[in-house]
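Residue numbers begin at 1 in each chain, while the letters A, B, ... track the order of the sequences. Below, each value reflects all heavy atoms present in this structure, side chains not excepted, and no hydrogens, waters or symmetry copies.
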Amino acid sequence: MYALVDCNNFYASCERVFNPSLLHTPIVVLSNNDGCVVARSQEAKDLGIPMGAPAFQLRELIEKHKVAVFSSNYTLYGDMSHRVMNTLASLTPHIEVYSIDEAFVDLQGLEHTDLTLYGQKVVQTVRRNTGIPVSMGIAPTKVLAKMANRYAKKYPGYKGVCLIDTDEKRIKALQQFPIEDVWGIGRQYSKKLRYHGIQTAYDFSQKSRSWVRRELTVVGERIWSELNAQACIAPEDSAAAKKQICTSRSFGSLLTEFDEIYEAVAHYAASCAVKLRKQKSLAVGMSVFVMTNPFREQDPQYINSRHIRLSIPSNDSSELIALAKQLLSLIYLSGYRYKKAGVVITEITPSTPTQSDLFDPIDRNKRKDLLQAVDRLNDRMGSYKIRIASQGYGRKWKLKNERLSPCYTTRLEDVISIHCDAPV
DNA sequence: TCTGGGGTCCTAGGACCC
DNA sequence: TCTGGGGTCCTAGGACCC
């Protein structure tokens, strides 16, 4: 059996943990740049605020219902996520962290346990240890566990845990489950399935294997098997190294000058380098892209990217920044108002063993020591306290986050201020 | 005025090999 | 008149996830 544990309204719940006066207040958390709604408390969902809605379209609703609005604080959410995952790991045989707010638990070895009671204990303990409410779906396959989790969230009677352990329960659950809510069935697939008269997960599970294979390829066939209680999505190693790394942001305002955009791109390249070093990898391929704001139809539009392969793979911030600058100079055109840029590392190779180059002008061992020292300092003192000068301080491109909460758990100044000032 | 960021997997088709 | 069979690798594009 598998369990899927999912934090309820995760970002909104994180804000609430440190601000208990918001217990019954509708909360929304905005995307980077305070653009769209990316998380909502139950009260905000009840007001009809849709996921992904642009914040500026909701102004009236927000004022009318006194909705608490937050910029996203990924430092806080990341730290809270660690706490939840650590608690889960201490209570269960094996967890696989699937996203910032979700984990699969392999329940092998608990065959003789009452899984509902066990699940409720897990849910209560996570809540007590971290303040974050979670729900748990338990079933024979991952896709069914995802479905069970939906039911656990939807019906308070379940006390946070829904168990699908018989065929009877499975079929009943499938029959009431809209096809587009199935894990792995997105917009295009559900449109296609609806066209063929399939409304529920049950309808889909009743189609023949060959029909599913033909219409939705092997991807759909796997989902079909899992709905029919045949597990075929294997446990994954959540610590696996990434195959692609990307840093991109919209700018806080529209930019026109090369130097302004270069500063942002240098910063994104440095960020990719840090991510590479963290997972002990080297970049082999790199792309840089720029684009104007597609929503501004009155402006001339431009989008372009350029790719390069490194002759010697690297995770050195200076080198990646220099290459990013070259790429940017190939695609930058004056006369446009740029909204967004990004750096993508497309091919990645492990940093050991290394293949050295006889004619390499750089002493890579020396550079490695330097970069390690910089990383250690920045881990202790805060990100990018030590940086390459061309990263600058981003006064022009930096994103908007006007409603940022304090980093209650990670930033010394914030930890002190909450203990001294806040009526905890 | 204002609209996010970061990933994965699969397939088809072209280029190439013997 | 008749023109093989079996592979690999790479890329772009499309689907999905949170």
Side-chain angles (χ1 to χ4, degrees), chain A residues 4-7 9-11 28-39 49-60 62 69-74 77-78 81 96-104 142-143 146 149 179-193 213-223 226 232-234 236-238 240-254 264 268 271-272 275 279 284-285 287 289 291-299 305 307 309 337 339-348 399-403:
Chain A
L4 176 78
V5 181
D6 186 322
C7 302
N9 315 320
F10 182 53
Y11 298 167
V28 300
V29 179
L30 303 179
S31 61
N32 272 333
N33 243 343
D34 293 347
C36 298
V37 172
V38 293
I49 296 175
M51 182 69 170
F56 72 91
Q57 288 175 2
L58 298 170
R59 186 151 304 154
E60 264 178 47
I62 285 170
V69 181
F70 291 93
S71 303
S72 32
N73 183 343
Y74 289 107
Y77 311 150
S81 173
E96 178 189 322
V97 177
Y98 176 66
S99 74
I100 194 165
D101 72 331
E102 276 176 68
F104 284 104
K142 287 185 171 180
V143 173
K146 272 279 208 182
N149 186 279
I179 187 64
E180 61 271 15
D181 290 349
V182 174
W183 187 42
I185 303 292
R187 268 224 293 278
Q188 301 305 316
Y189 282 179
S190 50
K191 203 166 122 193
K192 187 175 210 168
L193 293 173
R213 174 77 185 224
R214 196 172 62 238
E215 296 293 329
L216 303 185
T217 78
V218 67
V219 180
E221 190 184 348
R222 279 199 287 254
I223 299 165
E226 289 247 327
C232 59
I233 299 179
E236 270 173 47
D237 179 7
S238 27
K242 296 208 184 335
K243 299 171 180 172
Q244 184 176 309
I245 284 174
C246 165
T247 303
S248 82
R249 295 280 182 285
S250 299
F251 308 131
S253 56
L254 296 171
Y268 304 157
S271 157
C272 286
K275 293 177 189 175
Q279 69 162 35
V284 177
S287 293
F289 70 87
M291 60 187 287
T292 50
N293 184 348
F295 292 103
R296 288 182 61 92
E297 287 168 10
Q298 68 273 36
D299 284 0
S305 73
H307 186 257
R309 292 202 67 185
R337 293 149 63 94
K339 177 61 178 171
K340 182 174 177 176
V343 174
V344 191
I345 305 301
T346 51
E347 287 163 90
I348 290 175
L399 26 99
K400 268 189 297 192
N401 46 10
E402 289 166 351
R403 297 163 177 274

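- Rounded to an integer number of Å, the gap from CG of A:Asp181 to C1' of C:dC17 is 14 Å.
- Heavy atoms of A:Ile100 sit nowhere under 4.0 angstrom from any nucleic acid atom.
- Between A:Trp183 and A:Phe104, a ring centre-to-centre spacing shorter than 6.0 Å is recorded.
- With sequence neighbours left out, the side chain to side chain donor-acceptor pair (under 3.5 Å) criterion links A:Thr217 to no other residue.
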Distance-only donor-acceptor hits, side chain of residues 243-250 of chain A, under 3.5 Å, sequence neighbours excluded:
{"unit_1": "A:Thr247", "atom_1": "OG1", "unit_2": "A:Ser271", "atom_2": "OG", "d": "3.0"}
{"unit_1": "A:Thr247", "atom_1": "OG1", "unit_2": "A:Lys275", "atom_2": "NZ", "d": "3.0"}

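- Residues satisfying the salt bridge (Lys or Arg N to Asp or Glu O under 4.0 Å) criterion with A:Lys400, sequence neighbours excluded, are absent altogether.
- Ion pairing of A:Glu226 with A:Lys146 is absent here, as no side-chain N (NZ or NE/NH1/NH2) approaches a carboxylate O to less than 4.0 Å.
- The side chain to side chain donor-acceptor pair (under 3.5 Å) search around A:Gln57 returns none, not counting sequence neighbours.
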Output one line per pair: protein atom, nucleotide atom from nucleotides 7-13 of chain C, and distance, for all N/O pairs under 3.5 Å.
none

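- In this structure, the CD atom of A:Gln244 is 16 Å from the P atom of B:dG5, given to the nearest Å.
- Here A:Leu30 lies out of heavy-atom contact (under 4.0 Å) with every strand.
- Look at OH on A:Tyr268: it is 8 Å from P on B:dG5, rounded to the nearest Å.
- The side chain of A:Lys146 places an N or O atom within less than 4.0 Å of a non-bridging phosphate oxygen (OP1 or OP2) of C:dC18.
- Not counting sequence neighbours, the partners of A:Glu221 by the salt bridge (Lys or Arg N to Asp or Glu O under 4.0 Å) test are A:Arg209, A:Arg213.
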Polar pairs (N or O, both sides) under 3.5 Å between protein and nucleotides 1-4 of chain B?
{"unit_1": "B:dC2", "atom_1": "OP1", "unit_2": "A:Arg296", "atom_2": "NH1", "d": "3.3"}
{"unit_1": "B:dC2", "atom_1": "OP2", "unit_2": "A:Arg296", "atom_2": "NH1", "d": "3.2"}
{"unit_1": "B:dT3", "atom_1": "OP1", "unit_2": "A:Lys339", "atom_2": "NZ", "d": "2.8"}
{"unit_1": "B:dT3", "atom_1": "OP2", "unit_2": "A:Asn293", "atom_2": "ND2", "d": "3.3"}
{"unit_1": "B:dG4", "atom_1": "O4'", "unit_2": "A:Ser31", "atom_2": "OG", "d": "2.9"}

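- Put simply, CG on A:Leu193 is 13 Å from P on C:dA15, counting in whole angstrom units.
- Taking atom CG of A:Asn149 as the reference point, atom P of C:dC17 lies 15 Å away to the nearest angstrom.
- For A:Leu4 and C:dC17, the CG to P distance is 14 Å, given to the nearest whole Å.
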Notebook entry, point to check: For DNA chain B, what dot-bracket results from Watson-Crick or G-U pairs at under 3.5 Å, with [ ] for crossers and | for inter-strand partners?
Noted result: ....||||||||||||||
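- We find that CZ of A:Arg187 is positioned 14 Å from P of C:dC18, with the value rounded to whole Å.
- Comparing C:dC17 with B:dG4, their C1' atoms are spaced 15 Å from each other, to the whole Å.
- Summarising the geometry of A:Leu58 relative to A:Ala53, their closest heavy-atom pair is CD1-CB, 4.0 Å, with the distance given to 0.1 Å.
- One atom, CZ of A:Phe104, and another, P of C:dC17, lie 12 Å apart when rounded to the nearest Å.
- Partners of A:Arg403 by salt bridge (Lys or Arg N to Asp or Glu O under 4.0 Å), not counting sequence neighbours: none found.
- In this view, A:Ser81 satisfies the side chain to side chain donor-acceptor pair (under 3.5 Å) rule with no residue, not counting sequence neighbours.
- Judged as a salt bridge (Lys or Arg N to Asp or Glu O under 4.0 Å), and not counting sequence neighbours, the contacts of A:Asp299 are A:Arg296, A:Arg337.
- In terms of the side chain to side chain donor-acceptor pair (under 3.5 Å) criterion, A:Ser305 has no residue partners (sequence neighbours excluded).
- A:Thr247 comes within 4.0 angstrom of sugar-phosphate atoms only, judged by non-hydrogen atoms across all strands, and of no base.
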